[in-house]
**Q** 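Supplied in structure tokens, the structure appears directly below.
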Amino acid sequence: MKIPPFWQHGIGDTQMMPVSRHRSSSRRPLWIIVLVSLVCVSLVGVYIYPQRHHPSCYFFATSFCTSFKDWLPPLPSRQITDEEIASHVVFRDILSLPSIHYTNPKIAFLFLTPGTLPFERLWEKFFLGHEDRFSIYVHASREKPVHVSPLFMNKDIHSEKVVWGKISMVDAEKRLLANALQDTNNQHFVLLSDSCVPLHSFDFVYSYLMETNNSFIDCFEDPGPHGTGRYSEHMSPEVDKGDWRKGAQWFSMKRQHALIVLADSLYYTKFKLYCKPGMEGRNCYSDEHYLPTLFHMIDPLGIANWSVTHVDWSEGKWHPKAYRAQDVTYELLKNITSIDESMHVTSDAKKTVIKRPCLWNGMKRPCYLFARKFYPEALDNLVHLFSNYSTV
Ligand SMILES: *[C@@H]1O[C@H](CO)[C@@H](O)[C@H](O)[C@H]1NC(C)=O
Ligand SMILES: *[C@@H]1O[C@H](CO)[C@@H](O)[C@H](O)[C@H]1NC(C)=O
Ligand SMILES: *[C@@H]1O[C@H](CO)[C@@H](O)[C@H](O)[C@H]1NC(C)=O
Ligand SMILES: *[C@@H]1O[C@H](CO)[C@@H](O)[C@H](O)[C@H]1NC(C)=O
């Protein structure tokens, strides 16, 4: 994978490299270069990262400081616009907001659906007994859902039509986030579709999402026609071609990242105008590129680069594999829950397969908490199997 190593975004190296390269052409002794470099790193560190709890981090930058997280990559050296400066400071301050531990931290489950949710009975099984630790929001873009579970009653938010691949999809995601952010107890936000099902017990999911500082936003670099090929030069200079990323829309994100999605208008507007179906003779889908590109640019270390919702693209068709009732077996669910490497395939002729271990707080763990796509007919099998497979 051609994702640049993290130090390219780091405070130290981007600023420091040209300095040391320049100096080394002169005859000055090595220690001067080292000293100058160290001073540069520390000055840049103090400037970008003023209120640290760990003063030693100023000197030793990312590799030495595990808590050195909530910085932003430095602004590019080209002429930057007023809007870029404004976005930069707003994002920086949001990212450095402390994670307040509310007495009652909850996960917000955001359902993005055309209408009725076929798996409410299964979700009810998942949620029961944990009433004070979750909230539910339903965005139904086509018709008013009929709810069978009391947990889902009165959870519909004001919704608008969603056209597949258009910015209205991103707008619906933002609408769900805005509604859920109103409750300050909501600390993590999971986007799910009507065809999604849970793979683990509620306790497992809760600690997986809450006991890490990462958001799970799918993000990889695809040099092919369905990746960088969708980039429009109209997006530059604010969105550089080299920062263009792709990923499935099914995110889970922490509160600070959700705030950033609502605070951003600069990059959102770029995507709205220049990433849409039929743009310059190509199809660009904002829901596959906006969030991966945004977070790759502003907080690359704050996101795990995979989605916690599993989907099977291995058949190589336009749509992922969808499971029928007879496909839903204990073995299938065991297979999915045991995956501990994320996989991406590029869309160029090489079809490069990129596999990466799913590292949760640095530990290799199962990647997936949810899975799609299941046909409604799979409900009974899933309900029957749930207590068995979800105990892992
Ligand atoms: C998350 O960030 C907070 C505040 O910076 C820190 O205290 C905590 O240890 C971090 N948690 C993990 C799992 O890294
Ligand atoms: C996600 O990818 C970026 C590179 O784009 C990398 O810097 C970062 O460490 C990755 N995140 C995790 C949690 O591995
Ligand atoms: C489960 O995984 C094994 C090993 O990869 C494979 O042979 C088997 O077909 C899978 N079963 C299902 C139901 O997906
Ligand atoms: C439940 O799990 C056990 C293994 O732990 C398995 O042997 C059994 O067949 C499963 N039950 C069902 C209904 O699949």
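As the structure lists them, so they are numbered: ligands from 1, and atoms in each ligand from 1.
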**Q** For E124 and S149, indicate whether the former's side chain and the latter's backbone hold a donor-acceptor pair under 3.5 Å.
**A**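 No.
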**Q** Enumerate the atoms of ligand 1 whose separation from the nearest heavy atom of N361 is less than 4.0 angstrom.
**A** 13 (C)
**Q** Does ligand 2 have an atom under 4.0 Å from some heavy atom of I303?
**A**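 Contact present.
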**Q** Do any N/O atoms on N305 end up under 3.5 angstrom from N/O atoms on ligand 2?
**A**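 The answer is yes, given that N305 and ligand 2 share an N or O pair closer than 3.5 Å.
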**Q** Just to verify, which of H289, H296, H226 counts as forming a ring pair (Phe, Tyr, Trp, His ring centres under 6.0 Å) with W244?
**A**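 Passing option: H289.
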**Q** Considering only heavy atoms of H296, which atoms of ligand 2 have at least one such atom less than 4.0 Å away?
**A** 5 (O)
**Q** Distance alone, cut at 3.5 Å: any donor-acceptor contact between the side chains of H234 and E280?
**A** yes
**Q** Give the atom numbers and elements of ligand 1 that come within less than 4.0 Å of a heavy atom of N213.
**A**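 Those of ligand 1 that fall under 4.0 Å from N213 are 1 (C), 2 (O), 3 (C), 8 (C), 10 (C), 11 (N), 12 (C), 14 (O).
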**Q** Should the heavy atoms of other residues, nucleotides or ligands under 6.0 Å from NZ of K364 be counted, would the total exceed 12?
**A**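 Yes, the 6.0 Å shell around NZ holds more than 12 heavy atoms from other groups.
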**Q** Suppose I only count heavy atoms of P300 and a 4.0 Å limit; which atoms of ligand 2 are within that range?
**A**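 In order of numbering, the contacting atoms are 1 (C), 3 (C), 8 (C).
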**Q** Can you confirm whether more than 12 heavy atoms, excluding those of R365, are under 6.0 Å from its CZ atom?
**A**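 More than 12 within 6.0 Å, yes.
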**Q** Kindly check if the number of other-residue, nucleotide or ligand heavy atoms within 6.0 Å of NZ (K321) is above 12?
**A**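 Enclosed.
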**Q** What atoms of ligand 1 come closer than 4.0 angstrom to any heavy atom of E211?
**A** 13 (C)
**Q** Can you establish whether the number of heavy atoms outside K272 located under 6.0 Å from its atom NZ is more than 12?
**A** no
**Q** Give one line per pair: atom of ligand 3, protein atom, distance. Only N/O to N/O under 3.5 Å.
**A**
{"unit_1": "ligand 3", "atom_1": "2 (O)", "unit_2": "N335", "atom_2": "OD1", "d": "3.1"}
{"unit_1": "ligand 3", "atom_1": "2 (O)", "unit_2": "N335", "atom_2": "ND2", "d": "2.3"}
{"unit_1": "ligand 3", "atom_1": "11 (N)", "unit_2": "E331", "atom_2": "OE2", "d": "3.3"}
{"unit_1": "ligand 3", "atom_1": "11 (N)", "unit_2": "N335", "atom_2": "ND2", "d": "2.9"}
{"unit_1": "ligand 3", "atom_1": "14 (O)", "unit_2": "N335", "atom_2": "ND2", "d": "3.2"}

**Q** What part of N214, side chain from CB on, backbone N/CA/C/O, both or neither, has a heavy atom under 4.0 Å from ligand 2?
**A**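 N214 to ligand 2: side-chain contact only, backbone stays beyond 4.0 Å.
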**Q** Atom CG of residue position D82 - does it have more than 12 heavy atoms of other residues, nucleotides or ligands inside 6.0 Å?
**A**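 Not buried by this count: 12 neighbours or fewer within 6.0 Å.
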**Q** Pick out which of Y208, W360, F370 makes a ring pair (Phe, Tyr, Trp, His ring centres under 6.0 Å) with F216.
**A**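 When ring pair (Phe, Tyr, Trp, His ring centres under 6.0 Å) is applied between F216 and each of Y208, W360, F370, only Y208 qualifies.
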**Q** Under 4.0 Å from a heavy atom of L301: which atoms of ligand 2 are those, numbered in the order shown and with their elements?
**A** 7 (O), 8 (C), 9 (O)
**Q** Kindly check if the number of other-residue, nucleotide or ligand heavy atoms within 6.0 Å of NE2 (H158) is above 12?
**A** yes
